[in-house]
Amino acid sequence: GVPVIEIQPQSDVDGFSFEDFVNPGSASVRREDSDESEDRFRLYKIAGAPHAAKIVGCDGNGSSFPMSAFVRAALRNLFRWAEDDVAPSRAPRIALSVDDVVAEAAVDRFGNAIGGVASPFLDVPIARYEAHSTPGPLCKLAGREVALPYEVLSGRYADVQTYLAEFTISLDAAINAGFLLADDRAALLKAQTAKAHAAFAQIG
C-alpha cells in the first residue's frame with residue numbers, strides 16, 4: 001500500500017556482457033507505472049546517466065551527468081506521494097535498439113539515448129553522454145562524456161547565448177514536470193553555463 005519510485009541510470013537499464021559474464025539490464029524486466037491504491041508505482045529511467053561517474057583506470061574523463069539532482073527530485077516526489085497523496089508525473093522508458101537480457105539504448109543523431117526522464121542535458125546537448133566506458137567489466141559501470149564537435153555545436157545553436165536560452169527553457173520544463181528541483185536550478189544552470197562557454201570557445 002505504500003508508493004514506490006524506482007530510479008535507474010541508463011547503464012543499469014542496458015546491462016552488459018564481458019566474455020562469459022553477463023550482467024542483465026533492467027530493461028528485460030521493466031513494468032508499467034500504476035496509480036492503483038495497492039500498487040502505486042513509477043519507474044524513472046535516466047538516459048545518459050552512468051552507474052558511476054568515474055572509475056580510475058577507465059577510458060575517458062568520466063561523466064559530469066548530474067544523476068544526484070534527478071534522485072533528489074524523485075525523493076521529493078515520493079515524499080509528496082506518500083504524505084500528501086500527490087501522484088508524480090510519469091516518464092517514458094528509454095527507447096531500445098536491442099531489447100534482450102542485455103539491452104542497448106537507441107540513440108539520436110548526437111549519440112545520446114532517446115527517451116527516459118525529460119532532461120535538458122540530452123534534449124539540448126553539448127556533449128554525448130555514454131553510460132559505459134572501457135576496458136574491462138568494471139568500466140562498463142563508469143560513464144564517459146564526449147564533447148560534441150564545434151561544427152555540430154555551431155550548426156545546432158550558432159552561439160552560446162542561443163544554447164543557454166534553449167537549455168534554460170528545457171531545464172524549467174523538467175522542473176515544472178517534477179523531474180528536477182527548483183532548489184537545484186541555480187547550481188545546474190551555473191555549471192552548464194561554464195561548460196557551454198568552454199565548449200563554444202572553440203567556435204569561430
Side-chain angles (χ1 to χ4, degrees), residues 4-19 21-33 41-55 58-71 73-74 77 88-149 152-153 156 166-167 170-171 173-174 177-180 188 192 195 199:
V4 173
I5 296 179
E6 184 176 356
I7 183 167
Q8 300 172 347
Q10 181 187 332
S11 57
D12 293 2
V13 175
D14 295 342
F16 64 88
S17 60
F18 185 81
E19 297 178 350
F21 175 77
V22 175
N23 179 30
S26 66
S28 62
V29 293
R30 58 186 175 181
R31 56 157 296 185
E32 297 299 320
D33 292 336
F41 179 79
R42 291 290 186 274
L43 178 57
Y44 288 167
K45 294 177 180 284
I46 313 299
H51 187 88
K54 185 176 183 179
I55 295 176
C58 299
D59 293 334
N61 296 317
S63 175
S64 68
F65 192 94
M67 179 66 175
S68 58
F70 289 90
V71 173
N77 287 338
S89 299
R90 298 183 181 220
R93 307 305 190 237
I94 292 175
L96 302 175
S97 62
V98 176
D99 189 355
D100 208 332
V101 173
V102 174
E104 185 175 326
V107 298
D108 60 18
R109 64 190 178 99
F110 303 109
N112 286 316
I114 298 170
V117 168
S119 165
F121 304 96
L122 270 67
D123 291 343
V124 190
I126 55 174
R128 182 174 72 251
Y129 293 95
E130 300 178 359
H132 309 281
S133 186
T134 53
L138 185 61
C139 292
K140 295 290 188 180
L141 301 175
R144 185 164 56 189
E145 186 174 331
V146 181
L148 296 179
V152 174
L153 294 177
R156 171 64 176 81
E166 288 193 31
F167 179 85
S170 182
L171 173 62
F179 298 129
L180 290 169
L188 291 172
Q192 198 69 6
K195 287 179 63 178

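Within the 3.5 Å criterion, the main-chain N or O of Ala177 finds a donor-acceptor partner in the side chain of Ser89. Without hydrogens or angle criteria, Asn23 side chain to Val102 main chain gives no donor-acceptor distance under 3.5 Å. In this structure, Ser97 contributes its side chain and Glu104 its backbone to a donor-acceptor pair below 3.5 Å. With hydrogens and angles ignored, the 3.5 Å screen pairs a side-chain donor or acceptor of Arg93 with a backbone N or O of Leu43. With hydrogens and angles ignored, the 3.5 Å screen pairs a side-chain donor or acceptor of Ser11 with a backbone N or O of His51. Judged purely by atom type and a 3.5 angstrom limit, Glu145 uses its side chain to pair as donor or acceptor with the backbone of Ser64. The backbone N or O of Gly111 sits less than 3.5 Å from a side-chain atom of Asp108, completing a donor-acceptor pair.
Among pairs with a residue in residues 89-127, those fulfilling ring-ring contact (aromatic ring centres under 6.0 Å, His included) read Phe65-Phe121, Phe121-Phe167, at least two apart in sequence or across chains.
Of all heavy-atom pairs between Gly48 and Gln10, the closest is N-OE1, 2.7 Å. Across all their heavy atoms, Ala103 and Ala27 have their closest contact at CB-CB, 3.8 Å. What you find for Pro120 and Ser170 is that their closest heavy atoms are CA-OG, 3.2 Å. Residues Tyr44 and Ala74 approach most closely at CD1-CB, 4.2 Å, considering heavy atoms. Closest of all the heavy-atom pairs between Ser133 and Gly143 is CB-O, 4.3 Å. Looking at every heavy atom in both residues, Phe70 comes nearest to Ile7 through O-CD1, 3.7 Å.
Lys54 contributes atom NZ, which lies 11.5 Å from atom SG of Cys139 (distance to the nearest 0.5 angstrom). In this structure, Arg42 CZ and Glu32 CD are separated by 11.5 Å, a value rounded to the nearest 0.5 Å. Summarising the geometry, atom NZ belonging to Lys140 is positioned 12.0 Å from atom CZ belonging to Phe21; distances are rounded to the nearest 0.5 Å. Here the CG-CG distance, from Leu180 to Leu188, works out to 6.0 Å after rounding to the nearest 0.5 Å. Atoms CD1 and CZ, on Ile114 and Arg109 in that order, are 11.5 Å from each other to the nearest 0.5 Å.
Between Phe179 and Ser119 there is no side-chain heavy-atom pair separated by less than 4.5 Å. Looking at heavy atoms from C-beta onward, Gln192 lies out of side-chain contact with Val124 at the 4.5 angstrom threshold. Two residues are said to be in side-chain contact when any heavy atoms from C-beta on lie closer than 4.5 Å; Arg30 and Lys45 meet this criterion. In this structure, Pro88 and Ile5 have side chains that are in contact, with non-hydrogen atoms separated by less than 4.5 Å.
Considering Leu122, Leu148, Val107, Asp123 as possible partners of Asn112, the one that fulfils the side chain to side chain contact (heavy atoms under 4.5 Å, CB included) test is Leu122.
Side-chain contact annotation: Asp59 with Thr134, donor-acceptor N/O pair under 3.5 Å present.
When the shell of 6.0 Å around CG of Asn61 is examined, it contains 12 or fewer heavy atoms from other residues, nucleotides or ligands.
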